[in-house]
Asker: 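Got a structure for you, questions after.
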Amino acid sequence: MAHHDERTFVMAKPDAVQRGLIGEIIDRLEGRGLKLAGAKFMQIDEDLAHQHYAEHEDKPFFDELVGFITSGPVMAMVWEGADATQQVRRMMGATDPKEAQPGTIRGDLGLDLGQNVIHGSDHEDPGANEREIELFFDEDELVDWDRADEPWVYEDVSH
Ligand code: DAT
Ligand code: MG
């Protein structure tokens, strides 16, 4: 099942938590057939925010970004499945919710670039998923399990 086990890092951002959208986000990913491998309801501190968004350090919006992501609790998650990183990005939609297609998470649930509901690892940045998972989770916090419906999601998983 090696090609179904790609893992990606996903986070319901503070706006999603405050707006009661954790369940909706999980529902969409779960319904797609992706498998939850880890989850942590947590408060991001300044140091972790800087590490997580290191690539944006020099951008003019960096301080605002760190302020937002540390402004309240988040739901940090690891989701697993075929092509998980890119598929989650497709489900998220464009970075700016005003540009995101209806039907995507940001396109359905957000209206503001600075409060865009969800984070997912960048599929165009090789290794970003593993790097972010490692930053937020210890190996023993991730669960390796078989979902009962996997044979009904993946044609090549035997019943
Ligand atoms: P994404 O979250 O889609 O991977 P990103 O990595 O380019 O987007 O940026 C990280 C976050 O920073 C993004 O979710 C929202 C915020 N952001 C990006 N560009 C911005 C801008 N021009 N002004 C304000 N915030 C911005
Ligand atoms: Mg990004």
Side-chain angles (χ1 to χ4, degrees), residues 6-56 59 61-123 125 128-138 140-150 152-153:
E6 183 177 316
R7 283 175 167 176
T8 192
F9 178 69
V10 179
M11 178 162 64
K13 291 184 176 182
D15 54 333
V17 173
Q18 298 294 345
R19 294 173 58 205
L21 297 173
I22 297 173
E24 160 111 29
I25 290 168
I26 290 176
D27 196 39
R28 289 182 181 225
L29 300 172
E30 204 176 29
R32 183 85 191 276
L34 293 165
K35 179 167 70 180
L36 191 62
K40 198 187 284 190
F41 186 65
M42 60 181 287
Q43 171 72 48
I44 296 182
D45 65 22
E46 197 90 359
D47 181 53
L48 180 57
H50 278 249
Q51 289 184 68
H52 176 63
Y53 281 130
E55 63 172 310
H56 297 302
K59 309 265 172 69
F61 57 85
F62 183 69
D63 290 347
E64 190 190 340
L65 183 57
V66 169
F68 168 60
I69 212 67
T70 59
S71 66
V74 301
M75 187 71 164
M77 296 174 275
V78 175
W79 286 87
E80 186 176 310
D83 193 32
T85 311
Q86 184 165 6
Q87 293 309 317
V88 168
R89 290 295 303 202
R90 293 181 66 231
M91 294 171 78
M92 286 165 54
T95 300
D96 185 347
K98 288 195 286 302
E99 306 292 331
Q101 295 291 328
T104 64
I105 293 168
R106 285 165 168 170
D108 288 346
L109 303 175
L111 282 170
D112 193 310
L113 173 58
Q115 304 196 135
N116 60 3
V117 182
I118 183 171
H119 169 86
S121 303
D122 187 352
H123 69 286
D125 179 3
N129 55 341
E130 294 298 338
R131 208 166 52 240
E132 292 180 346
I133 290 167
E134 228 173 89
L135 189 57
F136 280 83
F137 289 90
D138 294 328
D140 65 3
E141 292 174 318
L142 301 177
V143 182
D144 200 5
W145 62 294
D146 294 321
R147 239 177 91 158
D149 62 0
E150 271 163 38
W152 300 99
V153 173

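For this chain, numbers begin at 1 and follow the sequence in order.
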Asker: Using 0.5 Å steps for rounding, measure from the CD atom of E6 to the NE2 atom of H123.
Answerer: 10.5 Å
Asker: Between K35 (side chain) and W145 (backbone), is there a donor-acceptor pair under 3.5 Å?
Answerer: yes
Asker: As a test of understanding, state which of I118, T104, L29 forms a side-chain contact (heavy atoms from CB on, under 4.5 Å) with M91.
Answerer: L29
Asker: Please find the pair of heavy atoms, one from S121 and one from A128, that lie closest to each other, and give the distance.
Answerer: OG-O, 4.1 Å
Asker: Counting N and O atoms only, with roles assigned by atom type, does the side chain of R147 sit under 3.5 Å from a partner on the main chain of L36, one being a donor and the other an acceptor?
Answerer: no
Asker: Are the side chain of R106 and the backbone N or O of V117 linked by a donor-acceptor pair below 3.5 Å?
Answerer: no
Asker: If you measure from CZ on F9 to CD1 on I133, what distance do you get to the nearest 0.5 Å?
Answerer: 8.5 Å
Asker: Between T95 and L113, is the side-chain contact (heavy atoms from CB on, under 4.5 Å) condition met? List the steps.
Answerer: CA-CA 7 Å; T95 300; L113 173 58; 3.7 Å; yes
Asker: Counting N and O atoms only, with roles assigned by atom type, does the side chain of E24 sit under 3.5 Å from a partner on the main chain of L21, one being a donor and the other an acceptor?
Answerer: no
Asker: With the side chain counted from C-beta on, respond yes when D125 and R131 share a heavy-atom pair under 4.5 Å apart, and no when they do not.
Answerer: yes
Asker: Drop me the distance from H119's NE2 to Y53's OH, to the nearest 0.5 angstrom.
Answerer: 6.0 Å
Asker: Please answer whether the main-chain N or O of D140 pairs with a side-chain N or O of D138 as donor and acceptor at a distance below 3.5 Å.
Answerer: no
Asker: When you measure from the centre of the six-membered ring of F137, is the NZ or CZ of K40 under 6.0 Å away and within 45° of the axis?
Answerer: yes
Asker: Will you find, in the side chains of R89 and Q86, an N or O donor that is under 3.5 Å from an N or O acceptor?
Answerer: no
Asker: To the nearest 0.5 Å, how far apart are OG1 in T85 and CZ in R7?
Answerer: 12.0 Å
Asker: When rounded to the nearest 0.5 angstrom, what distance separates CE in M77 from OG1 in T8?
Answerer: 11.0 Å
Asker: Between D108 (side chain) and G103 (backbone), is there a donor-acceptor pair under 3.5 Å?
Answerer: yes
Asker: I'd like to know if the side chain of N116 and the backbone of P97 have a donor-acceptor N/O pair within less than 3.5 Å.
Answerer: no
Asker: Kindly compute the distance separating CD (E130) from CG (L135), expressed to the nearest 0.5 Å.
Answerer: 12.5 Å
Asker: Report yes if some heavy atom in the side chain of F41 is under 4.5 Å from a heavy atom in the side chain of I22; otherwise report no.
Answerer: yes
